[in-house]
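All ligand and atom numbering here is 1-based and tracks the order in the structure.
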Amino acid sequence: MSARVGLWLGICFGIAFLTGLYSHFSQDTPSWLPLPTRPVWLYRVGQGIHVTTGVAAVPLLLVKLWAVYPKLFQRVPRRPWRHVVLHGLERGSIAVLVAAAIFELASGLANTAVWYPWAFHFRATHYAVGWLAVGALLVHIGVKLPVIRAALGADVDADLDSTSAPRARSTRGLTRRGLLRTTWVSAAVAVTSTVGMNEPLLRPISVLGVRSGHGPEGVPIKKTAHEVSVTAAALQPAYALQIVNGARQMSLTRDELERLPQTAARLPIACVEGWAASGEWEGVRIRDLLDRVGAPRGAEIRVSSLQRHGPFRATSMPAEFADDPLTLLALRLDGDDLSIDHGYPCRVIAPARPGVLQTKWVARIEVMT
Ligand SMILES: Nc1nc2c(c(=O)[nH]1)N[C@H]1C(S)=C(S)[C@@H](COP(=O)(O)O)O[C@H]1N2
Ligand SMILES: [Mo]
C-alpha cells in the first residue's frame, strides 16, 4: 500500500518540482535562459499543475505517513557497524524527506490562501526546501527500489511478510484495497475543490478555491490601489508615463497613449498563488514604445510602478518578453477603461508570465544596457 501511494506521491512531487522550477526561473530569470513566450497560457497551466499536484499530494502524504509510521519503532541493527551506519543514514534521509515534504505542502497551501504565519521569505524558502525534498526523495527511492518493485508486482491485499504467522484477516473495517480507493477519491476531491481557482469553468464546484473570480470584468484583484496607497498618484491629472533609454527620454500622458496604435490580446493573469483569469486587454505594444526612444531589440527593460512601498513595485523584463508583439501596456480590459484596482492609468500584461510581474500603475519604463 505504501509503495502504491508512494508511487503517486513521487509523481506529484516530481511534477510539482519541475513546474516549480519553471515558476522560479520565470520570476528570477538568469540572462542565459531564454524563456518561451508562447503559448500565452504556458505559465497559467504550469502554475495550475504545480498547485494541483501539491493539493493532490496532501491526502497521499497523510495516508503514506500513516501507513509507514510503525516503522519508526522498528529495531535498529546493533552490528555489523556498516549496517548501523547505513541504517542511520537511511533514517536521516527519511527524516529530511518527511520534514521537507510536510513543509512544502503546508507552506504552499498557506501561500495559495495568502496566509503567511511565519517570518521567513516564502518563495526563497519554498524553493530551497523543494531541492531538499527531491534530493531526499531520490535517495529514498534508490534505497527502497527492491522493496518497491516487489510490492508493486504483488497483490495489494496479499500478506508480503512471509516470516510472520498469517494474520487472521478481519472481515470488518477497510482492506488495504479499500483504503487505497479512499485515498484516490480523497485526492480527487481535494483537486476538484480547488482547481477552479485556475480554470473558471470549474469554479462552481471548487468550493475551496480561494479566489472566486469576483472583481471588475471578472478578473480578481490581488492588491487594491487603496491597499498600496497608490490612489492619489494614479488619479493625478498630471500623470505621464516616463520612457527612458539613456539620454533619450520621453513622457506620454494617458491621452497621448490612447492616440498611439492600439493592440488587443486575450491574455491571462496567472498568480503564483494558483488562481488565474483571462481578459481581453487593449493598449500599446511595449515594443512600439521602445521604438519611440530608439531602443534596439534584444534589450532588457525595467518597469516601475507609481506605488512607493511594498513588494512587486518594479520588475525586470527579459528582452524576449519586451520584444513580443503581445506584450502590452494595457489601457483597457474587456472594452472598459482599466479600473483603478486593475492598474489605471496603465499596466503591463505579457504572455506566459507570472501575475506578480504584470506590474500595475506603471510610472516608468527604462531600457537597461
Ligand atoms: N504595482 C503593483 N503591481 C502588481 C502587484 C502589486 O502588488 N503592485 N501585484 C501583482 C500580482 S502578485 C498579481 S497576481 C497581479 C494581479 O493583477 P490584478 O490585481 O489586476 O488581478 O498584479 C501584479 N501587479
Ligand atoms: Mo500574484
Set out, in order, the CA-CA distance, both residues' side-chain angles and the distance that settles side chain to side chain donor-acceptor pair (under 3.5 Å) for Ser339 and Tyr344, then state yes or no. CA-CA 6 Å; Ser339 68; Tyr344 180 92; over 6 Å; no
At what distance is the nearest protein heavy atom to atom 5 (C) of ligand 1, and which residue and atom is it? Phe312 CB, 4.0 Å
Under 4.0 Å from a heavy atom of His342: which atoms of ligand 1 are those, numbered in the order shown and with their elements? 18 (P), 20 (O), 21 (O)
What atoms in ligand 1 come closer than 4.0 Å to a heavy atom of Ile221? 19 (O)
Show the atoms of ligand 1 that are less than 4.0 angstrom away from any heavy atom in Gln358. 22 (O), 23 (C), 24 (N)
Closest protein heavy atom to atom 19 (O) of ligand 1, given as residue, atom name and distance to 0.1 Å: Lys360 NZ, 2.5 Å
Quick check with a 6.0 Å cut-off and a 45 degree axis cone: is Arg254 positioned over the face of Tyr239's six-membered ring? no
For Tyr127 and Asp28, test the side chains for any donor-to-acceptor distance below 3.5 angstrom and give the result as yes or no. no
For Gly355, take its heavy atoms, then give the atoms of ligand 1 lying under 4.0 Å from any of them. 10 (C), 11 (C), 13 (C), 14 (S), 15 (C), 22 (O), 23 (C)
Do Ser2 and Lys64 get their side chains close enough for a donor-acceptor pair, meaning under 3.5 Å? yes
Could you list the atoms of ligand 1 found under 4.0 angstrom from a heavy atom of Ser305? 1 (N)
Is Arg347 in contact with ligand 1, taking contact as a heavy-atom separation below 4.0 Å? yes
Proximal atoms of ligand 1 relative to Thr359 (non-hydrogen, under 4.0 Å): 3 (N), 24 (N)
Say whether His126 and Ser107, considering side chains only, have a donor N or O and an acceptor N or O under 3.5 Å apart. yes
What do you reckon, are the aromatic ring centroids of Phe103 and Phe120 less than 6.0 Å apart? yes
Within a distance under 4.0 Å of any heavy atom of Trp275, pick out the atoms of ligand 1 and give their elements. 14 (S), 21 (O)
Assess the residue pair Gln262 and Arg285 against the criterion (side chain to side chain donor-acceptor pair (under 3.5 Å)); give the C-alpha distance rounded to whole Å, side-chain angles, the decisive distance to 0.1 Å, and a yes or no. CA-CA 7 Å; Gln262 306 287 304; Arg285 282 191 175 129; over 6 Å; no
State, without any angle test, whether Glu90 and Ser93 hold a side-chain donor-acceptor pair at a distance under 3.5 Å. no
Before giving the answer on salt bridge (charged side-chain N to carboxylate O under 4.0 Å, His left out), spell out for Lys222 and Asp341 the whole-Å C-alpha distance, their side-chain angles and the decisive distance to 0.1 Å. CA-CA 8 Å; Lys222 159 78 196 198; Asp341 292 329; over 6 Å; no
Can you tell me which residue and heavy atom of the protein come closest to atom 2 (C) of ligand 1, and the distance to 0.1 Å? Gln307 OE1, 3.2 Å
Around atom 12 (S) of ligand 1, find the nearest protein heavy atom and jot down its residue, atom name and distance. Val356 CA, 3.6 Å
Please confirm whether Pro220 comes under 4.0 Å of ligand 1, counting heavy atoms of the residue only. yes
Within the 3.5 Å criterion, strictly below it, is a donor on Ser316 or Arg302 matched to an acceptor on the partner's side chain? yes
Atom 16 (C) of ligand 1: closest protein heavy atom, distance to 0.1 Å, is Lys222 CB, 3.6 Å
Quick check on contacts: which atoms of ligand 1 are under 4.0 angstrom from a heavy atom of Cys271? 14 (S)
